[in-house]
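Have a look at the structure below before the remarks.
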Amino acid sequence: MSTLTGRRVAFVAAPEGTEQVELTEPWRAVQEAGGRPELISTTEGEIQAFKHLDRGDKFPVDRVVTDASPDDYDGLVLPGGVANPDFLRTNENIVRFVREFFAQHKPVAAICHAPWTLIEADVVRGRRMTSWPSLQTDLRNAGAEWVDEEVVVDHGFVTSRKPDDLPAFCSKAIEEIAEGKHRGQAA
């Protein structure tokens, strides 16, 4: 039996700028574990992913954030890419959507630059986490304990630094989503 059978996982991405592999690898991991990933964005249609600075593939949006509720999902994955979280953190609906996962004690997994959105949601204070190295000052200033590790888990909150960390990131994200709610998540 798969570990995520019957579970829905929201993937939040901007219309442009998501690091493709940080979307596709966790997406595949959720599917292989029996879960149902859904792509949430700010607009209908498709998102344009990137392979570092080059355009990658396009992916269909399943639901616009204004039509989505964290109540409908068992976990949240935030892919990185520099432009993606920079755009997302300026959207009040996205920030509210992300913040609610923490309030509901649901697992959240964020990689690379994705913690920029989490800073805006004010959910990193007192959390031990990692990210792409250039975010460490931003995270420390927001009250997080930043560490340079492949994957960090803090009460259902999973973070990793970069695409090279994806095997560990995907494994821990699946594990935390399978475990369900974590009381320490909203701490």
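The main-chain N or O of H52 is found under 3.5 Å from a side-chain atom of E19 such that the two form a donor-acceptor pair. Formation of a donor-acceptor pair under 3.5 Å by the Q20 side chain with backbone atoms of D57 is found in this model. Side chain of Q136 to main chain of P133: a donor-acceptor pair is present (N/O by atom type, distance under 3.5 Å, no hydrogens or angles). With E16 contributing its side chain and N84 its backbone, the two residues share no donor-acceptor pair below 3.5 Å. Between the side chain of R128 and the main chain of V147, no donor-acceptor pair closer than 3.5 Å is present. Using modelled atom types, one side-chain atom of T90 and one backbone atom of F87 make a donor-acceptor pair closer than 3.5 Å. In this structure a side-chain-to-backbone donor-acceptor pair under 3.5 Å is present from R7 to I177. Checking side-chain atoms of S160 against main-chain N and O of E150 turns up a donor-acceptor pair under 3.5 Å.
Across A14 and I47, no two heavy atoms sit closer than the pair O-CG2, 3.3 Å. Shown here for T43 and V64, the closest heavy-atom pair between the two residues is C-CG2, 3.7 Å. Closest of all the heavy-atom pairs between R125 and D122 is NH2-OD1, 2.9 Å. The two residues V12 and P79 come nearest to each other via the heavy atoms O-CD, 3.3 Å. Counting all heavy atoms, side chain and backbone alike, A110 lies closest to A114 at CB-CB, 3.9 Å. Taking both residues in full, the closest heavy atoms of F169 and V151 are given as CA-CG2, 4.2 Å, listed atom of the first, atom of the second, then distance.
A tilted orientation is assigned to the rings of Y73 and F101, their planes being inclined by 30° to 60°.
Annotation: the span from F11 atom CZ to T18 atom OG1 amounts to 11.5 Å, rounded to 0.5 Å. Taken from NZ in K106 to NZ in K181, the straight-line distance is 5.5 Å, to the nearest 0.5 Å. Atom CG of L135 is separated from atom OG1 of T130 by 10.0 Å, given to the nearest 0.5 angstrom. Residue L39 holds its CG atom at 9.0 Å from CZ of F59, rounded to the nearest 0.5 Å. Summarising the geometry, atom CZ belonging to R161 is positioned 13.5 Å from atom CE belonging to M129; distances are rounded to the nearest 0.5 Å. The distance from the CG atom of L4 to the CD1 atom of I174 is 4.5 Å, given to the nearest 0.5 Å.
Atom CD of E149 has more than 12 heavy atoms from other residues, nucleotides or ligands within 6.0 Å. Counted within 6.0 Å of CH2 on W27, heavy atoms from surrounding residues, nucleotides or ligands total more than 12; the atom is thus considered enclosed.
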Practice task
Output, in order, the C-alpha distance, side-chain angles, deciding distance and verdict of side-chain contact (heavy atoms from CB on, under 4.5 Å) for D71 and Q104.
Solution key: CA-CA 8 Å; D71 297 340; Q104 292 185 22; 2.7 Å; yes
Handout entry: Derivation of the side-chain contact (heavy atoms from CB on, under 4.5 Å) call for S134 and H113
Key = CA-CA 8 Å; S134 66; H113 287 78; 3.7 Å; yes
Practice task
Please test E176 against K172 for salt bridge (charged side-chain N to carboxylate O under 4.0 Å, His left out), starting from the C-alpha separation and ending with a verdict.
Solution key: CA-CA 6 Å; E176 296 304 311; K172 282 298 182 184; 5.3 Å; no
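Contact annotation: the side chain of N93 approaches that of R96 to within less than 4.5 Å [non-hydrogen atoms, C-beta and beyond]. Using a 4.5 Å cut-off on side-chain heavy atoms (C-beta onward), P115 and V124 make no contact. Counting heavy atoms from C-beta on, the side chains of H155 and R127 come closer than 4.5 Å.
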